[in-house]
2 protein chains.
Amino acid sequence: MRASDRAYATLHSDIINWRLTPGTVLGEVELSERLGVSRTPIREALAKLTAEGLAEPQSGRGMVVSKISLDHLDELFELRSALECRAAELAAKRGEPEIFSALHRQLANAGELITEEDPTRADYYQLAADLDVAVDAAVANHYLAQALKNLRVHLVRVRRLGKDNPARLRDAAREHAAIALAISNGNPAVASAATTVHLDNSLRHLLSTAA
Amino acid sequence: MRASDRAYATLHSDIINWRLTPGTVLGEVELSERLGVSRTPIREALAKLTAEGLAEPQSGRGMVVSKISLDHLDELFELRSALECRAAELAAKRGEPEIFSALHRQLANAGELITEEDPTRADYYQLAADLDVAVDAAVANHYLAQALKNLRVHLVRVRRLGKDNPARLRDAAREHAAIALAISNGNPAVASAATTVHLDNSLRHLLSTAA
DNA sequence: ATCTCTATTTATGTATACACAAAGGCATGG
DNA sequence: CCATGCCTTTGTGTATACATAAATAGAGAT
């Protein structure tokens with residue numbers, strides 16, 4: 001594996017998981033010493049992160065971990081809505097009903113996954129990710145999938161802005177279940193509408209509970 | 001200006017304008033000699049182009065100018081539809097009516113711009129670009145604008161796949177005029193529908209005339 | 001005390017040298 | 001004549017040295 005890939009993967013994960021918080025300075029020398037590689041692969045990694053929107057050039061010199069402001073959360077969700085609603089529509093047209101009815105069943109029971117034992121909600125988020133993967137596969141559109149992938153990077157970061165709220169997560173699971181059901185029923189309009197509803201609820205919840 | 005930026009701008013323009021055709025090998029040494037800079041800024045430029053989708057890694061070693069296949073044109077237009085329909089909706093909600101009614105007037109008369117004297121159709125495409133800019137400004141959404149910017153890079157390349165057809169261009173101008181009108185009227189549903197119609201016509205024209 | 005100009009320092013931008021891996025050619029054996 | 005293995009060659013991946021621009025700190029003047 002290339003050193004630049006390792007550096008990228010490390011930094012990517014560190015930013016996504018808030019080990020590197022927004023605004024942190026990403027100095028090339030410091031990173032090269034910390035990760036044990038030279039500046040060249042570090043620069044390559046930073047270029048990738050910049051293209052992804054996880055790092056951004058500071059005024060004048062240097063790079064910082066990109067800021068996440070609540071001010072622009074509505075903009076992020078507008079793009080999300082455009083992409084996910086269309087994706088849900090296309091999945092409803094093209095997907096295998098069995099796959100999504102199976103996901104529907106799992107999501108309908110996902111409330112049980114949200115327990116005190118799993119404070120990171122890993123099981124729930126894994127199930128939500130499974131739905132995303134199934135939608136991507138059903139849509140079978142490389143360009144749309146790429147746009148969604150770029151978007152999800154930011155969504156994962158944003159998740160931490162909201163307080164953990166089991167009740168909201170159980171609602172979200174039900175909303176996901178509704179989306180999966182509409183797709184399995186081959187109903188594009190309902191799939192899109194259910195997605196719109198889910199995103200609106202998510203955004204409002206985030207904005208109301210964010211620190 | 002940084003050497004890496006110049007190298008990027010040069011390569012970007014060369015690929016967009018088909019001076020570098022899809023599949024062309026992008027060797028670092030060759031490019032560094034041709035552009036008169038060392039390999040380091042060349043690598044930086046290639047990384048940017050890769051992120052943009054204009055260059056892609058070849059199997060094993062090296063990079064090539066990314067391929068454009070008609071097979072995936074429908075996928076590209078699905079993404080385009082998702083983004084532009086939503087953008088048109090939001091512009092209809094938020095835009096200044098005067099700006100778009102002015103664009104409507106210009107586009108309604110754009111047929112006159114398509115003459116024998118301008119084989120590149122620069123005037124027409126400039127007007128279409130003006131509409132894009134106005135929509136972006138009205139939408140005022142950084143994330144959506146960025147996604148559209150990434151997309152348009154590919155659309156410019158794709159344009160050359162179709163034969164030049166003055167009749168189709170005049171139709172396209174009318175379709176653009178319809179979009180501008182709906183936006184100036186503050187009617188999101190019609191703006192979105194007009195965009196859908198326009199994109200469908202564009203795609204079908206491309207697929208029917210492509211070499 | 002504050003402002004400004006300068007000098008120093010530090011980090012980035014670029015060039016280049018070296019290491020290594022993959023592609024291609026050549027020779028040898030079947 | 002074809003296949004296989006080795007060797008050469010070429011180009012990428014990484015490290016590092018050097019150049020340059022920006023930030024900072026300090027000294028001097030107002």
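In what follows, every chain begins at residue 1, and chains take the letters A, B, ... in the order their sequences are listed. Any value given below was found using the heavy atoms of this structure, including those in side chains, with hydrogens, waters and symmetry copies removed.
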CG of A:Leu26 to CD of A:Glu56, rounded to nearest 0.5 Å, is 10.0 Å
Whole-Å distance, B:Ile42 CD1 to C:dG13 C1', equals 14 Å
For a quick test of reading the model: is some side-chain N or O of B:Thr40 closer than 4.0 Å to OP1 or OP2 of C:dG13? no
| task | Kindly say whether, by distance alone, the side chain of A:Arg39 makes a donor-acceptor pair under 3.5 Å with the base of C:dG13? | result | yes
Next on the checklist: Taking any heavy-atom pair under 4.0 Å as a contact, classify B:Ser32: base, sugar-phosphate, or nothing.
Outcome noted: nothing
_Check the orientation of A:His198 and A:His176. Use parallel for under 30°, tilted for 30 to 60°, and perpendicular for over 60°._
tilted
(message) Can you tell me if A:Ser38 touches the phosphate of D:dT14, counting only side-chain N or O atoms and a distance under 4.0 Å to OP1 or OP2?
(response) no
| message | Please tell me if A:Arg43 has a side-chain N or O lying less than 4.0 Å from either OP1 or OP2 of C:dG13. | response | yes
Rounded to whole Å, the CZ-C1' distance (B:Arg2 to D:dA19) equals 16 Å
NZ or CZ of A:Arg2 within 45° of A:Tyr8 ring axis and under 6.0 Å: no
Taken to the nearest whole Å, CD/B:Glu30 to C1'/D:dT10 is 13 Å
Judged by nearest nucleotide, the residue sitting upstream toward the 5' end of DNA chain D, B:Gly62 or A:Gly36, is B:Gly62
Taken to the nearest whole Å, CE/B:Met63 to P/D:dT12 is 10 Å
note: B:Glu44, atom CD; D:dT14, atom C1'; distance rounded to Å ~ 15 Å
Against the side chain of B:Arg61, the closest entry in C:dA22, D:dT14, D:dA17 is C:dA22
When rounded to whole Å, the CD to C1' distance for the pair B:Glu28 and D:dT10 reads 12 Å
CG of B:Leu144 to CD of B:Glu84, rounded to nearest 0.5 Å, is 9.5 Å
To the nearest angstrom, the OH-C1' distance between A:Tyr8 and D:dT14 comes to 20 Å
Worksheet item: Would you say the side-chain atoms of A:Arg86 and A:Ser192 include a donor-acceptor pair closer than 3.5 Å?
Response: no
Separation of C:dT10 atom P from A:Leu26 atom CG, nearest Å, is 20 Å
